[in-house]
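Since the structure comes first, as structure tokens, the remarks are kept for the end.
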2 protein chains.
Amino acid sequence: MSRSGADLALLLLGGFRALADRATAELAARGYEDVRPVHDFALRAILSGADNASELGRRMSIAKQSAAKTIAGLEERGFVRREPDPTDRRRIRLHVTEHGLAMLREGEAIFDELREQWEQQVGADAIKGLEDTLRRLLGNNTGRLDTPGWLMQDLGGDA
Amino acid sequence: MSRSGADLALLLLGGFRALADRATAELAARGYEDVRPVHDFALRAILSGADNASELGRRMSIAKQSAAKTIAGLEERGFVRREPDPTDRRRIRLHVTEHGLAMLREGEAIFDELREQWEQQVGADAIKGLEDTLRRLLGNNTGRLDTPGWLMQDLGGDA
DNA sequence: CCCAGATCGACAGCTTGGCTGTCGATGACA
DNA sequence: TGTCATCGACAGCCAAGCTGTCGATCTGGG
């Protein structure tokens with residue numbers, strides 16, 4: 001079982017976990033403790049237009065009830081505010097706070113640093129080739145956010 | 001959120017998910033329903049020497065209590081048997097059944113097929129380059145599950 | 001030889017992040 | 001205006017981690 005397809009899957013998973021683990025640790029070191037990948041995913045989705053629970057659920061491919069739980073977590077941490085919609089009293093609109101934006105920026109910076117570390121290890125061309133290959137394989141839809149809990153749970157990180 | 005280090009993480013995760021999802025579906029289609037990646041991981045670890053719950057926990061970097069749950073799942077599905085250790089009455093030794101071995105073989109075959117599909121999409125060289133790059137980055141400790149470096153970050157466990 | 005400490009597996013109970021089903025309030029439209 | 005869709009909330013469930021604790025069982029130093 002060297003050189004097998006299973007190996008390939010493990011390599012990809014290992015790469016993701018390496019990045020996610022380090023990003024979480026670094027984020028915690030910079031003052032954003034208890035931030036999980038799901039928080040980052042959700043915040044990005046909200047920023048890109050999913051400004052209510054039902055829509056967030058659709059974008060993340062989770063039930064709206066689960067989205068509501070996620071939103072509660074984001075609100076507890078001060079990353080979003082919930083405000084009544086003036087035009088539709090059923091809705092509660094989501095607003096990303098400055099604290100949330102700062103966290104996203106910090107995460108982004110950390111990932112860029114990690115990427116640079118990898119470039120120094122294997123060369124910028126190798127990293128670029130890795131990205132290109134994966135992009136071609138995945139049809140460029142990397143934004144899929146429906147990652148199951150068993151993967152997001154304890155590996156922390158801000159992917 | 002384009003062209004950043006976070007993208008790299010998403011690509012790696014997406015690649016793993018693509019393989020894992022398809023493998024799970026294909027495994028189900030071939031008669032092994034309700035098999036999750038964790039079952040495969042655990043079975044491999046057991047085969048490679050982790051023949052009791054505590055050791056399995058250490059190899060998989062999870063608490064031994066969680067390992068016990070995993071083992072219960074494997075036993076339910078008939079992939080392992082639990083037998084008392086003749087020389088240490090505290091231990092319950094794990095034995096991979098023929099059914100478990102067959103599932104592993106089928107999984108291996110499926111992964112190989114998926115890898116070939118990818119090779120046809122982007123070329124064998126690209127896949128090989130991807131593997132080589134990741135192997136260099138991850139220190140070549142991929143097929144093994146006892147990789148403390150990138151896995152032990154915030155996992156306390158009772159190891 | 002014996003007891004202290006380490007280890008094994010099990011139990012209870014918690015946490016997170018999913019799920020379904022149901023509900024009342026509200027909006028959209030024929 | 002009445003029907004149907006949608007929104008967010010509540011209750012309750014599941015899966016897979018976690019911790020703490022326990023009794024039983026090795027193991028090794030004195």
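So you know, we letter chains A, B, ... as the sequences are listed, proteins then strands, and number each from 1.
When heavy atoms are screened at a 4.0 angstrom cut-off, Ser54(A) is found touching the sugar-phosphate backbone but no base atom. Contact annotation for Arg82(A): backbone-only contact, meaning every heavy-atom pair under 4.0 Å involves sugar-phosphate atoms and none involves a base. Nucleic acid contact for Ala63(A): base, since at least one base atom lies under 4.0 Å from a heavy atom of the residue.
The nucleotide whose nearest atom lies closest to any side-chain atom of Val38(B) is, among dG17(D), dC8(C), dA9(D), dG17(D). Taking the side chain of Lys64(B) as heavy atoms from C-beta on, and the options dG17(D), dA9(D), dA10(C), the nearest nucleotide is dA10(C).
Residue Arg36(B) contributes atom CZ, which lies 16 Å from atom P of dG18(C) at whole-angstrom precision. For Leu56(A) and dT6(D), the CG to P distance is 18 Å, given to the nearest whole Å. Rounding to whole angstrom units, CG of residue Asp85(A) and P of dT6(D) are separated by 17 Å. Rounded to whole Å, the distance from NE2 on His39(A) to C1' on dT16(C) is 9 Å. Distance Arg59(B) CZ to dC8(C) P: 13 Å, rounded to the nearest Å. For Arg91(B) and dT7(C), the CZ to P distance is 12 Å, given to the nearest whole Å. The distance between atom CD1 of Ile92(B) and atom P of dC11(C), rounded to the nearest whole Å, is 10 Å. Atom CG in Asp40(A) sits about 16 Å away from atom C1' in dG17(C), given to the nearest Å.
Put simply, Ser66(B) has no side-chain N or O that comes within less than 4.0 Å of OP1 or OP2 on dA16(D). Within the structure, a side-chain polar atom (N or O) of Arg58(A) is placed less than 4.0 Å from OP1 or OP2 of dC7(D).
Counting only heavy atoms from C-beta outward, the side chains of Arg91(B) and Ser54(B) never approach each other to under 4.5 Å. Looking at heavy atoms from C-beta onward, Trp118(A) lies in side-chain contact with Leu8(B) at the 4.5 angstrom threshold. Inter-residue side-chain proximity for Leu134(B) and Leu12(B) is flagged as met; some heavy-atom pair is nearer than 4.5 Å.
In this structure a side-chain-to-backbone donor-acceptor pair under 3.5 Å is present from Arg59(A) to Ser48(A). For the pair Arg115(A) (side chain) and Asp7(B) (backbone), a donor-acceptor distance under 3.5 Å is absent.
Between Arg105(A) and Glu98(A), at least one side-chain nitrogen of the basic residue sits less than 4.0 Å from a carboxylate oxygen of the acidic one, meeting the salt-bridge criterion. With respect to the salt-bridge test (charged N to carboxylate O, under 4.0 angstrom), the residues Glu108(A) and Arg44(A) qualify. Salt-bridge annotation for Glu131(A) and Lys128(A): absent, with no side-chain N of the basic residue lying under 4.0 Å from a carboxylate O of the acidic one.
Counted within 6.0 Å of CG on Asp88(B), heavy atoms from surrounding residues, nucleotides or ligands total more than 12; the atom is thus considered enclosed. Within a 6.0 Å sphere centred on CZ of Arg30(A), heavy atoms belonging to other residues, nucleotides or ligands number more than 12.
For the pair Asn52(B) and Lys69(B), both in contact range of DNA chain C, the more 5′-proximal nearest nucleotide belongs to Asn52(B).
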Contact letters for nucleotides 25-30 of chain C, in which S counts primed atoms plus P, OP1 and OP2 and B counts the base, heavy atoms under 4.0 Å: BBS---
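Within residues 70-78 of chain B, the residues that have a heavy atom under 4.0 Å from DNA chain D are, in order of number, Thr70(B).
A donor N or O paired with an acceptor N or O is not found under 3.5 Å between the base of dG13(C) and the side-chain atoms of Gln65(B).
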